Every structure is written in structure tokens, then in C-alpha cells.
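Comments concern the structure below.
Small disclaimer: the values here were computed from a predicted structure and weren't measured.
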Amino acid sequence: MIELRPFDSLGGANHGWLNAKHHFSFANYYDPKRMSWGNLRVWNDDEIAAGSGFPPHPHADMEIITYVREGAITHEDSLGNKGRTVAGDVQVMSAGTGIRHAEYNAEPDLTRIFQIWIEPTRRGEKPAWGAKPFPKGDRAGQFVVLASGFDDDVSEAGGGALPIRTDARVVAATLRAGETATYALGTTRRGYLVPAVGAIEVNGVRANARDGLAITGEDTITVTAVNDSEIVLVDAA
């Protein structure tokens, strides 16, 4: 089963410096039918104005994955980590027993990100942060694992995905118009797929840029690009 969640149906708020859309209940947006999708708790589509951002604030017991769509995001945290993650790349923060962090758009132009929160399977561990480039050319025509709770994905032989402490994967693909890519989800898993760019068809269901597709009971996901597309998928427990 695939449920289309059009971008225009998402909750959200425009704070001036931040224009946020929420695929799931978040902050002042509440929808009892969109609380989570398996262990996937948050998928925010954020546009952050130049020279602004989120001041220091705390998190605990959450895996927070930031996928940069345009521009760049600059991170600082209470562990002393600092980093700038640019478009197409990914950062992961395992909040663990507790961490404070800030995220800013230090660029001269708008930054657009997907921020994804997944409930951890392992709790009570020390917080951690990491980032990694994932060149779009490496995922041309195929899904590549960006972050994963499975050791085989994190190993160099598995492509060196960023580690997360949960039974989930975050994968991405870039497709030219007419190209098709498949992903073996499994009927017991839940998928949530969003095209960052472009229009696609997923097992015959069409989605436009920034729409959400909530997927369950599908052994294999077949994605066909209607036009040039960039796709992000969470494979959740």
C-alpha cells in the first residue's frame, strides 16, 4: 500500500527566517494520523534564510539526520564538534544521553534541508556527531545508503554509510528522466519516500517534488523518474 501525502497537505509554519513544512506532527502542528511511521518520527522540509538558524538547544535519545538539498548548514555542539555540510551531503547526530547543538545557515543564500528524526533502538549511549560527502554521481541510477543502523552498510565494503543507532536506513538516488531504480524494502518494513527534486512514479503512484509517500506491505519499491529527480527514502522498522 502506498499513501500519497501531497506537499500542500503538510503542516508547517513560516517564521520569516525559517519556512518549515512537517510530514509528521511537530511543534504546533498536530495530526493524530501523522504522528510517526514506524520508528520514523520527524521529517521536516526546512528553508532557512541566509545568516540565520537554530540557536543552541538540547536533544536526547534521538537519531537526527540532516540531508542538505541546497546551500549548506553549519553545525556546532556541546562536544566541541564543528562542521559545514553542503548540498548533497549528510550529517548525523546521535543525541544519546544528551547534547546541545546549534545549526546555522552561514551562507549568503537560502539553505534547504530535510531533517529526519528516527527513534533509537539503543539508548543510554554517549552522544556523537558525524558528516560525510555523498557525491550525487555515485548514486546516479541507483540507491545508495547514506545512514544506517546495520553494520554491513557502515563498513567500507558496504559503502561506508554514516552509523545511526536504530533499526533503519536512509538511502538516496538520483535518476534521469525515464530511468528506474529498485529498492528491496520487504513487506514487514515501512518506507517513507520524498523526491527532493522532480516528479516520480513509485509502484505506479505518482509523486511530485516534496510530496511524501508512506509505503507499507510492498516487497520491492520501483521508482521511475518522470523527469530528472533526486530521491530520499527512509527504510524504517
Side-chain angles (χ1 to χ4, degrees), residues 12-13 15-24 26-27 39-120 122-136 138-139 144-149 153-154 159-166 168-172 194 196 210 230 232 234:
H15 304 280
W17 67 272
L18 170 68
N19 187 9
K21 287 288 190 177
H22 310 310
H23 286 263
F24 301 96
F26 187 85
N39 57 359
L40 172 61
R41 176 62 188 85
V42 169
W43 190 312
N44 288 344
D45 182 324
D46 291 340
E47 296 180 339
I48 306 167
S52 64
F54 302 92
H57 57 282
H59 290 283
D61 287 327
M62 191 64 71
E63 302 301 298
I64 300 175
I65 301 99
T66 303
Y67 180 93
V68 182
R69 294 159 45 217
E70 295 180 33
I73 199 79
T74 297
H75 165 100
E76 295 185 19
D77 64 41
S78 53
L79 300 179
N81 295 309
K82 295 183 179 181
R84 176 176 175 270
T85 306
V86 303
D89 297 345
V90 177
Q91 69 172 12
V92 165
M93 188 174 74
S94 294
T97 53
I99 190 172
R100 290 181 63 83
H101 80 135
E103 288 181 301
Y104 291 101
N105 174 13
E107 312 304 312
D109 300 308
L110 191 73
T111 284
R112 292 182 170 91
I113 64 172
F114 288 149
Q115 191 166 94
I116 296 163
W117 297 13
I118 306 176
E119 297 275 357
R122 293 155 34 206
R123 296 174 182 264
E125 298 185 6
K126 293 180 180 180
W129 175 85
K132 186 175 177 181
F134 288 94
K136 292 183 182 180
D138 292 353
R139 43 192 152 112
V144 169
V145 183
L146 309 178
S148 176
D153 295 330
V154 174
L162 287 161
I164 50 178
R165 301 166 182 173
T166 187
R169 289 184 180 93
V170 181
V171 303
V194 180
R210 303 163 78 186
E230 180 180 343
V232 183
V234 171

Tell me if a side-chain donor or acceptor on [X] pairs with a main-chain N or O of [Y] at a distance below 3.5 Å.
X: Thr111; Y: Gly71; result: no
X: Asn105; Y: Ala49; result: yes
X: Glu63; Y: Arg165; result: yes
X: Asp77; Y: Leu79; result: yes
X: His23; Y: Val42; result: no

Mind listing the closest non-hydrogen atom pair of [X] and [Y] along with its distance?
X: Ala161; Y: Val145; result: CB-O, 3.6 Å
X: Ser94; Y: Pro163; result: OG-O, 4.5 Å
X: Asp61; Y: Gly124; result: OD1-N, 3.9 Å
X: Pro127; Y: Ala95; result: CB-O, 3.3 Å
X: Glu119; Y: Thr166; result: O-OG1, 2.6 Å

Distance in Å, [X] [atom1] paired with [Y] [atom2], rounded so as to fall on 0.5 Å steps:
X: Ile116; Y: Met62; atom1: CD1; atom2: CE; result: 13.0 Å
X: Thr66; Y: Gln115; atom1: OG1; atom2: CD; result: 4.0 Å
X: Arg100; Y: His59; atom1: CZ; atom2: NE2; result: 10.0 Å
X: Leu162; Y: Ile65; atom1: CG; atom2: CD1; result: 9.5 Å

Partner set under salt bridge (Lys or Arg N to Asp or Glu O under 4.0 Å) for Glu47, not counting sequence neighbours: Arg112, Arg210

Residue pair Arg69, Asp45: steps toward the side-chain contact (heavy atoms from CB on, under 4.5 Å) verdict: CA-CA 10 Å; Arg69 294 159 45 217; Asp45 182 324; 2.9 Å; yes

Residue list, side chain to side chain contact (heavy atoms under 4.5 Å, CB included) with Tyr104, at least two apart or on another chain: Pro55, Pro56, Ala102

Glu76: side chain to side chain contact (heavy atoms under 4.5 Å, CB included) partners, not counting sequence neighbours: Lys82

Glu107 and Glu70: CA distance, side-chain angles, deciding distance, side-chain contact (heavy atoms from CB on, under 4.5 Å) verdict: CA-CA 11 Å; Glu107 312 304 312; Glu70 295 180 33; over 6 Å; no

Phe114 vs Trp43, ring pair (Phe, Tyr, Trp, His ring centres under 6.0 Å): CA-CA, chis, key distance, verdict: CA-CA 7 Å; Phe114 288 149; Trp43 190 312; 5.6 Å; yes

Listed partners of Tyr67 passing ring pair (Phe, Tyr, Trp, His ring centres under 6.0 Å), at least two apart: none

Residues which pass ring pair (Phe, Tyr, Trp, His ring centres under 6.0 Å) with His22, listed by chain and number, not counting sequence neighbours: Phe26

Show which side-chain atoms of residues 85-93 pair as donor or acceptor with protein atoms under 3.5 Å away, not counting sequence neighbours.
{"unit_1": "Asp89", "atom_1": "OD1", "unit_2": "Phe134", "atom_2": "N", "d": "3.0"}
{"unit_1": "Gln91", "atom_1": "OE1", "unit_2": "Trp129", "atom_2": "NE1", "d": "3.2"}
{"unit_1": "Gln91", "atom_1": "NE2", "unit_2": "Glu103", "atom_2": "OE2", "d": "2.7"}

